[in-house]
Amino acid sequence: MIKKIITIFGSTGNLMYKKLFPALDALIKKGLINQDVKILCIARKDCTLEDYVEEAKKEVKENLDWDSIIPYLTYIKMDLFEMTDYIMLKDMIHAEGKDLDVMFYLAVPPTLFEPIAKGLSISKIMTKAQENRRILFEKPFGSDFEDAKHINQTLQELFDEKQIYRIDHYLGKEMIQNIFIMRFANSLFKHQWDNKRIKSITVLAKESETVMMRGGYYDGVGALKDMVQSHLLQMVSLITMNQPIENKSSAIKDSKVDILNKVEFDLNSSIFGQYDGYLDESGIQKDSNTETFVFLKAHINHKNWKGVPIYFLTGKKLNEKRSEIIIEFESDDINQKGWEFNNLDYNQLIIRIAPEEGVTLKMNVKTPGLNASIIPAELTYCHACQSVGNTPEAYEKLLLDLLNKDDTLYTRWDEIVASWQTIAKLKDKSHELVNYQSFEELKQLILETHVDVYKNI
Ligand code: BG6
């Protein structure tokens, strides 16, 4: 008997093929999605389930167990602006039973958030009173602060806050969840975590891929709104927030919001870039000045972080896919008078998020043997090596939490407000756009002006 229905709007989109199908496959394999779940895949295209699956098989890169997935799927063609289509969806859902747990996943651009939310509400598929209905929004939540506020107001009128889930999939990543434990469960770091000990923080998310088939979406957004407003600011807030008063979702979010409200970008220390060939990609305006790369310097208006530069770096078509957080420690103590410790490397803690998950601690040690000179050494922890099989992809964890009504790893409205407000000043300023063919050119530019940036960016 069906007890839960996951309804996915935008089922022929990039997100569905790249992230959601692999996550669903993994949850089915682990038995965490079983026979009482049904998955409704909604899109505009007029096709049969067989055609849809054939298309999906072509688009999904991973080798999935399609024979196990197909029995869960139903394909539904819908016009998202047509009320009769919502009534049809309601009838289909009700035909499975009245008291089902139903989730609506909006894997669509923010311009469709309101029409879908209204369609669900007017047709009474989902109303405020129904605790067993949840609606999930992909990022970016709105196109700017005003738009986000407008969408949120509509949602608050239609639904209860407990029914609303706002996703930032970076929060579901293993090593991002690990930041909390590393910081607060290790006295080694707990007491080294402020401007007296930390010299700089660098948060980077480099991608080697281009915009691929997402030009239509990406061109209206750019790297700042696509990555910094959400993923990178979330990482910074987790790295710099005060220890929450308790280990509870709301207290953690309170601490993050406090930091997000205090992040300020240095308007004159930014580099915006666009990769060579971007204008020829499909879906891109021929005279587009959308940035595909951004490097930013910020500081946090908090006594613990006074004077600590926070660097943000993200972009497409760079030399590699790599996401990490680099915390560089001060060197005062190691250059004491009377000691022949020269040219020492700074201690660094590197939290590696992708492609490999783990932690590296950079230290100075003695060379082995009779010679007493000093060399840098790396202590490395491999996170994925600790588990049987691969660590769960972010979407796997977040979908499971959605099924279990756990919103801890979802973002609260005030976090989104703070993030939009933080980037608003940058967006208002006009920036020179550097055309780049390789990451090396950008790296030279960065290192020329920001000598304290971690050199291995
Ligand atoms: C998404 C962005 O939120 O994150 C994409 O919209 C980006 O442009 C992606 O490619 C990166 O996520 P991940 O998990 O592959 O690092």
Side-chain angles (χ1 to χ4, degrees), residues 6-10 13 15-16 19-20 23 102-118 120-121 126 128 131 133-173 176-177 217 221 224-238 241 248-261 263 394-424:
I6 308 174
T7 314
I8 306 176
F9 291 93
L15 184 78
M16 183 72 186
K19 305 278 192 186
L20 299 183
V102 189
M103 287 141 275
F104 300 95
Y105 193 130
L106 273 61
V108 293
T111 44
L112 292 173
F113 288 0
E114 258 194 276
I116 299 177
K118 283 187 176 158
L120 293 174
S121 169
M126 172 166 175
K128 253 188 190 172
E131 282 177 21
R133 299 282 189 269
R134 297 190 282 299
I135 185 162
L136 186 151
F137 297 90
E138 255 302 327
K139 63 141 277 279
F141 194 82
S143 56
D144 57 22
F145 173 52
E146 285 307 321
D147 185 40
K149 204 163 74 175
H150 175 78
I151 296 172
N152 203 56
Q153 254 163 15
T154 309
L155 295 183
Q156 304 268 318
E157 281 159 24
L158 304 178
F159 309 125
D160 188 274
E161 180 61 24
K162 283 203 201 84
Q163 298 173 298
I164 303 171
Y165 286 63
R166 303 174 192 86
I167 201 168
D168 180 320
H169 80 275
Y170 264 56
L171 296 181
K173 289 186 186 275
I176 302 234
Q177 291 181 57
Y217 152 77
V221 188
L224 188 65
K225 288 183 176 180
D226 187 45
M227 296 295 286
V228 179
Q229 187 270 338
S230 46
H231 309 325
L232 272 68
L233 275 166
Q234 281 290 333
M235 289 196 255
V236 166
S237 69
L238 286 165
M241 70 181 183
K248 282 211 174 122
S249 171
S250 60
I252 297 170
K253 286 170 185 167
D254 288 345
S255 275
K256 279 161 64 186
V257 170
D258 183 47
I259 283 295
L260 287 168
N261 278 321
V263 176
Y395 277 90
E396 193 184 325
K397 167 74 178 146
L398 292 166
L399 277 176
L400 186 63
D401 286 358
L402 175 74
L403 283 161
N404 294 334
K405 297 190 180 158
D406 179 352
D407 71 355
T408 312
L409 297 178
Y410 286 84
T411 43
R412 209 169 56 185
W413 169 235
D414 50 357
E415 297 178 63
I416 293 175
V417 171
S419 304
W420 275 126
Q421 287 177 332
T422 304
I423 69 154

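Please read all numbers here as calculations on a predicted model, not as lab measurements. Heavy-atom basis, side chains included; hydrogens, waters and symmetry copies ignored.
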| query | Going through the checks in order, is the salt bridge (Lys or Arg N to Asp or Glu O under 4.0 Å) test met by D226 and K139? | reply | CA-CA 8 Å; D226 187 45; K139 63 141 277 279; 3.2 Å; yes
| Any side-chain heavy-atom pair of R134 and F104 under 4.5 Å | no
| said: Just to verify, what does E157 make a side chain to side chain contact (heavy atoms under 4.5 Å, CB included) with, not counting sequence neighbours? | reply: none
| Sub-4.5 Å side-chain heavy-atom contact between D258 and M241 | no
| request: Compute whether any side-chain donor of one residue and acceptor of the other, for Y165 and D401, lie under 3.5 angstrom apart. | output: no
| note | D168 meets the salt bridge (Lys or Arg N to Asp or Glu O under 4.0 Å) criterion, sequence neighbours left out, with none
| query | Tell me, do F145 and H150 make a side-chain contact under 4.5 Å, heavy atoms counted? | reply | no
| request: Taking the six-membered ring of F137 (Phe, Tyr or Trp), confirm whether the NZ or CZ of R166 is under 6.0 Å from its centre and within 45° of its axis. | output: no
| Between E415 and Q234: side-chain donor-acceptor atoms closer than 3.5 Å | yes
| field | With E138 via salt bridge (Lys or Arg N to Asp or Glu O under 4.0 Å) - residues at least two apart | value | none
| Basic-acidic side-chain contact under 4.0 Å: R412, D254 | yes
| said: Checking side-chain polar atoms at under 3.5 Å, does Q229 have a donor or acceptor matched by the opposite partner on S419? | reply: no
| request: Please determine if K253 and D414 form a salt bridge, counting it only when a charged side-chain N lies under 4.0 Å from a carboxylate O. | output: no
| field | Working for ring-ring contact (aromatic ring centres under 6.0 Å, His included), residues F9 and Y105 | value | CA-CA 6 Å; F9 291 93; Y105 193 130; 10.0 Å; no
| Got I423 and L233 here, is their nearest side-chain heavy-atom distance under 4.5 Å? | yes
| said: Using side-chain heavy atoms (C-beta onward) and a distance below 4.5 Å, is L106 in contact with I135? | reply: yes
| request: If the plane angle is over 60° it's perpendicular, under 30° parallel, otherwise tilted; pick one for H231 and H169. | output: perpendicular
